[in-house]
Asks: 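Below you'll find the structure I mean.
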Amino acid sequence: MSERVEQEEIFSQVLRAGRRTYFFDVRSTKADDYYLTITESKKFTHDDGSFHYQKHKIYLYKEDFTDFREMLDKATSFIVNEKGSEVISERHQKDYKKEETLEASSTGSFTDVSFEDI
């Protein structure tokens, strides 16, 4: 039984986005050409505190770069044009708390806060 050997990374970038991490890795084919792998890794925590990662990978070859970029641009532009750039789904998370902005008082006075309030 032959073992699948992962190709050496030539260039790599990481995008951390909450519990998701995206890896953009340039690898080399057997013919010494380059291709891109995009990996999404999500961290899942179990009730007992243990966790595991679920990964999904896309292989993207040079001949598809132009069409892929065009379709990605169209899809992302459509979303922003239709729904704006505010992330609405954060409001539906169990632990969502809207960040309140503090406004400076016109008198310049401060509120007395004890450490027990924090």
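We use all heavy atoms of the structure for the numbers below, so side chains are in, but hydrogens, waters and symmetry mates are not.
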Asks: Identify the heavy atoms of Phe44 and Gln54 that sit nearest to each other, and give their distance.
Replies: CE1-OE1, 3.4 Å
Asks: Flag yes if more than 12 heavy atoms outside Tyr61 fall under 6.0 Å of its OH atom; otherwise flag no.
Replies: yes
Asks: Any chance you could measure Ser77, atom OG, to Leu72, atom CG, to the nearest 0.5 Å?
Replies: 9.0 Å
Asks: Linking I/L/V/M/F/W/Y whenever their side-chain heavy atoms sit closer than 4.5 Å, directly or via other members, would Ile38 and Met71 fall into one cluster?
Replies: no
Asks: Return the OG1 to CG distance between Thr37 and Leu60, rounded to the nearest 0.5 Å.
Replies: 10.0 Å
Asks: Does the side chain of Lys57 reach to within under 4.5 Å of the side chain of Tyr59, using non-hydrogen atoms?
Replies: yes
Asks: Could you state the interatomic distance from CZ (Phe11) to CZ (Arg27), rounded to the nearest 0.5 Å?
Replies: 13.5 Å
Asks: Other residues, nucleotides and ligands only: do more than 12 of their heavy atoms fall within 6.0 Å of CZ on Phe78?
Replies: no
Asks: Near Asp48 CG, under 6.0 Å, is it more than 12 heavy atoms from other residues, nucleotides or ligands?
Replies: yes
Asks: Report yes or no: do Leu15 and Leu36 belong to one cluster of Ile/Leu/Val/Met/Phe/Trp/Tyr joined by side chain heavy-atom distances under 4.5 Å?
Replies: yes
Asks: To the nearest 0.5 Å, tell me how far Tyr22 OH sits from Lys42 NZ.
Replies: 7.5 Å
Asks: Please report the interatomic distance CD(Glu70) to CG(Asp64), rounded to the nearest 0.5 Å.
Replies: 12.5 Å
Asks: Give me the ring orientation class for Phe51 and Tyr53: parallel if the planes are under 30° apart, tilted from 30 to 60°, perpendicular past 60°.
Replies: perpendicular
Asks: Only one of Arg19, Lys55, Arg16 clears side-chain contact (heavy atoms from CB on, under 4.5 Å) with Ser41; which?
Replies: Lys55
Asks: Can you tell me how far the CD1 atom of Ile58 sits from the NE2 atom of His56, to the nearest 0.5 Å?
Replies: 10.0 Å
